[in-house]
Amino acid sequence: MMRTLLCCCAVAAALGQAHAAGDGDPTGLDLLYRCHTIEQLAREDTSAADAEAMRNHGYCLGYLVGYVSGFAARDAEGEAGRFCPPVEARISDFAAAVRDWLTANPAGLESMGALVTLRALQWKFPCPEQARRGSQ
């Protein structure tokens with residue numbers, strides 16, 4: 001019981017810091033803060049949830065779906081499933097890559113989202129060895 005109470009106090013003390021995190025690479029604390037709403041909203045009437053809880057719920061679901069889909073793409077492609085974005089890349093850069101790739105490759109509109117995203121990110125952010133192989 002004491003361990004649970006201490007854990008709750010530590011989480012509550014850190015919530016303000018977690019909320020200020022960036023959108024690209026959340027920490028475990030960020031995920032704890034944002035994902036606690038998954039179970040909470042599953043037990044409650046979501047119409048009573050506040051805007052922040054709904055944003056956190058959507059963020060967590062999106063993050064987890066993206067993470068799991070990334071593994072699906074990696075498993076399907078193996079080592080060929082790599083891309084190399086610059087360190088300063090933002091979520092909006094990844095979204096623009098998917099949009100631009102689908103505009104240039106409309107056949108991808110009916111393909112598995114994880115593979116479409118992989119192709120788009122490889123197209124926009126090729127790794128140096130992939131860039132060399134593509135020019136041969």
So, taking the atom named [atom1] in [X] and the one named [atom2] in [Y], what distance separates them when rounded to the nearest 0.5 Å?
X    : Y    : atom1 : atom2 : answer
C127 : Q122 : SG    : CD    : 7.5 Å
R34  : H57  : CZ    : NE2   : 13.5 Å
C35  : L61  : SG    : CG    : 8.0 Å
T27  : L32  : OG1   : CG    : 9.0 Å

Please name all residues satisfying side chain to side chain contact (heavy atoms under 4.5 Å, CB included) with A89, sequence neighbours left out, ordered by chain then number.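 By the side chain to side chain contact (heavy atoms under 4.5 Å, CB included) rule, A89 matches P85, P86, D93, F94.
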
Which pairs with one or both residues in residues 63-72 pass salt bridge (Lys or Arg N to Asp or Glu O under 4.0 Å), sequence neighbours excluded?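 Salt bridge (Lys or Arg N to Asp or Glu O under 4.0 Å) check on residues 63-72 returns no pairs.
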
Contact list for residues 108-125, test salt bridge (Lys or Arg N to Asp or Glu O under 4.0 Å), sequence neighbours left out: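 Only E77-R119 qualify under salt bridge (Lys or Arg N to Asp or Glu O under 4.0 Å).
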
Could you list the donor-acceptor pairs under 3.5 angstrom formed by side chains in residues 95-109, with sequence neighbours left out?
unit_1: T103; atom_1: OG1; unit_2: R99; atom_2: O; d: 2.9
unit_1: N105; atom_1: ND2; unit_2: W101; atom_2: O; d: 2.9

Which residues, ordered by chain and number, are linked to V87 in its hydrophobic cluster, where ILVMFWY side chains connect at heavy-atom gaps below 4.5 Å, directly or through other members?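 Grouped by the 4.5 Å side-chain rule, V87 forms a cluster of one, so the answer is none.
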
Determine whether L118 and I91 fall in the same hydrophobic cluster, where Ile, Leu, Val, Met, Phe, Trp and Tyr are linked whenever their side-chain heavy atoms lie under 4.5 Å apart.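 They do share one cluster, since a chain of ILVMFWY contacts under 4.5 Å joins L118 to I91.
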
Would you call the rings of Y63 and Y59 parallel, tilted or perpendicular, where under 30° means parallel and over 60° means perpendicular?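 Y63 vs Y59 ring planes: parallel.
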
